[in-house]
Amino acid sequence: MATMKEFRNNVKPNWCPGCGDFSVQAAIQRAAANIGLEPEQLAIISGIGCSGRISGYINCYGFHGVHGRSLPIAQGVKMANRELTVIASGGDGDGFAIGMGHTVHAIRRNMDITYIVMDNQIYGLTKGQTSPRSATGFVTKSTPAGSIEQAISPVEVALSAGATFVAQSFSNDLKGLTELIEQGIQHKGFSLINVFSPCVTYNKVNTYDWFKEHVVRVETLEGYDPTDRIKAMSFSMQNNGLLMGLIYQNKEQKSYEQLVPGFKEQGLANQDINMSEEDFAKLVAEFA
């Protein structure tokens, strides 16, 4: 069985020292080893941004996609090879701005993949502009007088779109984040894990200390039930979207793959490509 070390490669991350993305990388590597995956059983698909580089920093299959398009690629990979464990990753700009349409449709489709968003509430790669996660009044290079827009709540968007697994964590909590990623991978359906991952260079507001002071662990909430979607939405709204932990899970809803008629358990790479004369005749008859 592979260890965490076997999910490491020789590519040195060029994130800023202290970036929260280092912890996300370590948590993915630990989670993959903990649940017994081998490097060749895992594929990580990333988008553009500082976080998009993560697919090249882990020893497994990787694909660095274009801006906002990690989820369509990840879904294609999963459909082509159902046996692979597929993780899509990106930042809050990647997933909640240019890629928001893909995010919503991937959620409602409920394909068996895990989407990890590194949420630093700013555009880091392009040197510090407002993102869809920046709070009203947030001052950046693109909003010198303060943002006049409202911030998106990933949890509430996901719950509204019918997500079957919604979790939120903080890169300072490596143990808790690792456990959530393990649960997300093992969940049979679409798993959204939003990770508060501070940008130490351009975001001087939403810092490690800020999150430590403001996040609310779900286990501390009286009457909280992760199987109750309405309560999950209510608690998220009451706590400004800053819940931390497993927020909601629906184990009853079947995944997209389970609902596709005739979808084989074997990935395309492992299927016999030879077609019998009988199957060929049936196929031709459909179009003749």
Check the pair Thr114 / Val86 against side-chain contact (heavy atoms from CB on, under 4.5 Å), numbers first and verdict last. CA-CA 7 Å; Thr114 302; Val86 178; over 6 Å; no
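- Using modelled atom types, one finds a donor on one side chain and an acceptor on the other under 3.5 Å when comparing Ser131 with Asp92.
- For His214, the ring pair (Phe, Tyr, Trp, His ring centres under 6.0 Å) criterion is met by Trp210, not counting sequence neighbours.
- Side-chain contact, Gln75 with Arg109: a donor N or O sits under 3.5 Å from an acceptor N or O.
- Under 3.5 Å, the side chains of Thr178 and Glu182 contain no donor-acceptor pair of N or O atoms.
- The distance from atom CD of Glu222 to atom OG1 of Thr220, rounded to the nearest 0.5 Å, is 11.0 Å.
- For the 3.5 Å distance criterion, the side chains of Ser236 and Glu156 qualify, holding a donor opposite an acceptor.
- When each of Thr103, Asn110, Val166 is paired with Phe190, the side chain to side chain contact (heavy atoms under 4.5 Å, CB included) condition holds for Asn110 and for no other.
- To the nearest 0.5 Å, atoms SG (Cys199) and CG (Asn206) are separated by 10.0 Å.
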So Asp225 and Lys231, salt bridge (charged side-chain N to carboxylate O under 4.0 Å, His left out) or not? Walk me through it. CA-CA 7 Å; Asp225 179 1; Lys231 276 190 176 181; 5.8 Å; no
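- Considering only heavy atoms from C-beta on, Met100 comes within 4.5 Å of Val157 through its side chain.
- Between the side chain of Asn59 and the backbone N or O of Glu6 there is at least one donor-acceptor pair closer than 3.5 Å.
- Checking side-chain atoms of Asp228 against main-chain N and O of Ile230 turns up a donor-acceptor pair under 3.5 Å.
- Looking at heavy atoms from C-beta onward, Phe170 lies in side-chain contact with Pro198 at the 4.5 angstrom threshold.
- Judged purely by distance below 3.5 Å, without hydrogens or angles, the side chains of Arg229 and Asn250 never pair a donor atom with an acceptor atom.
- Residues Phe211 and Phe196 place their aromatic rings such that the two centres sit under 6.0 Å apart.
- Between Asp112 and Lys254 there is no salt bridge, since none of the side-chain N atoms of the basic residue sits less than 4.0 Å from a carboxylate O of the acidic one.
- With hydrogens and angles left out, the side-chain atoms of Thr143 and Thr130 include a donor and acceptor closer than 3.5 Å.
- The hydrophobic cluster analysis finds Ile98 isolated: no Ile, Leu, Val, Met, Phe, Trp or Tyr side chain comes under 4.5 Å of it, directly or through other members.
- Here Met79 contributes atom CE and Met111 contributes atom CE; the two are 5.0 Å apart, rounded to the nearest 0.5 Å.
- Here the CD atom belonging to Gln258 is positioned 9.5 Å from the CD atom belonging to Gln253, to the nearest 0.5 angstrom.
- In this structure, Gln168 contributes its side chain and Leu243 its backbone to a donor-acceptor pair below 3.5 Å.
- At least one donor-acceptor pair under 3.5 Å links the side chain of Arg133 to the backbone N or O of Ile152.
- Counting only distance, with no hydrogens or angles, the side chain of His102 and the backbone of Ser70 share no donor-acceptor pair below 3.5 Å.
- Cluster note: Ile54 groups with Phe7, Val11, Trp15, Phe22, Val24, Ile28, Ile35, Leu37, Leu42, Ile44, Tyr57, Ile58, Ile87, Ile116, Met118, Phe165, Leu177, Leu180, Ile181, Ile185, Ile193, Val195, Leu246 through ILVMFWY side-chain heavy atoms spaced under 4.5 Å, whether in direct contact or through intervening members.
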Name each donor-acceptor pair under 3.5 Å that joins a side chain in residues 276-283 to protein atoms two or more places apart or in another chain, with its distance.
| from | atom 1 | to | atom 2 | distance (Å) |
| --- | --- | --- | --- | --- |
| Ser276 | OG | Asp279 | N | 3.1 |
| Ser276 | OG | Asp279 | OD2 | 3.3 |

Apply side chain to side chain donor-acceptor pair (under 3.5 Å) to residues Asp21 and Ser197 and explain how you reach the verdict. CA-CA 6 Å; Asp21 294 357; Ser197 182; 2.6 Å; yes
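- Counted within 6.0 Å of NZ on Lys204, heavy atoms from surrounding residues, nucleotides or ligands total more than 12; the atom is thus considered enclosed.
- Under the ring pair (Phe, Tyr, Trp, His ring centres under 6.0 Å) criterion, Phe138 pairs with no residue, sequence neighbours left out.
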Does the side-chain contact (heavy atoms from CB on, under 4.5 Å) test come out yes or no for Met237 and Ser153, once each step is laid out? CA-CA 9 Å; Met237 294 175 72; Ser153 169; over 6 Å; no
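- Side chains of Ser55 and Ser46: a donor-acceptor N/O pair is present below 3.5 angstrom, by distance only.
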Tell me, with the steps shown, if Asp173 and Arg217 meet salt bridge (charged side-chain N to carboxylate O under 4.0 Å, His left out). CA-CA 11 Å; Asp173 181 16; Arg217 294 183 178 273; 3.5 Å; yes
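- For the 3.5 Å distance criterion, the side chains of Asn203 and Gln121 fail to qualify, holding no donor opposite an acceptor.
- Using modelled atom types, one side-chain atom of Lys141 and one backbone atom of Lys127 make a donor-acceptor pair closer than 3.5 Å.
- In terms of the ring pair (Phe, Tyr, Trp, His ring centres under 6.0 Å) criterion, residue partners of Tyr224 (sequence neighbours excluded) are, by chain and number, Phe235.
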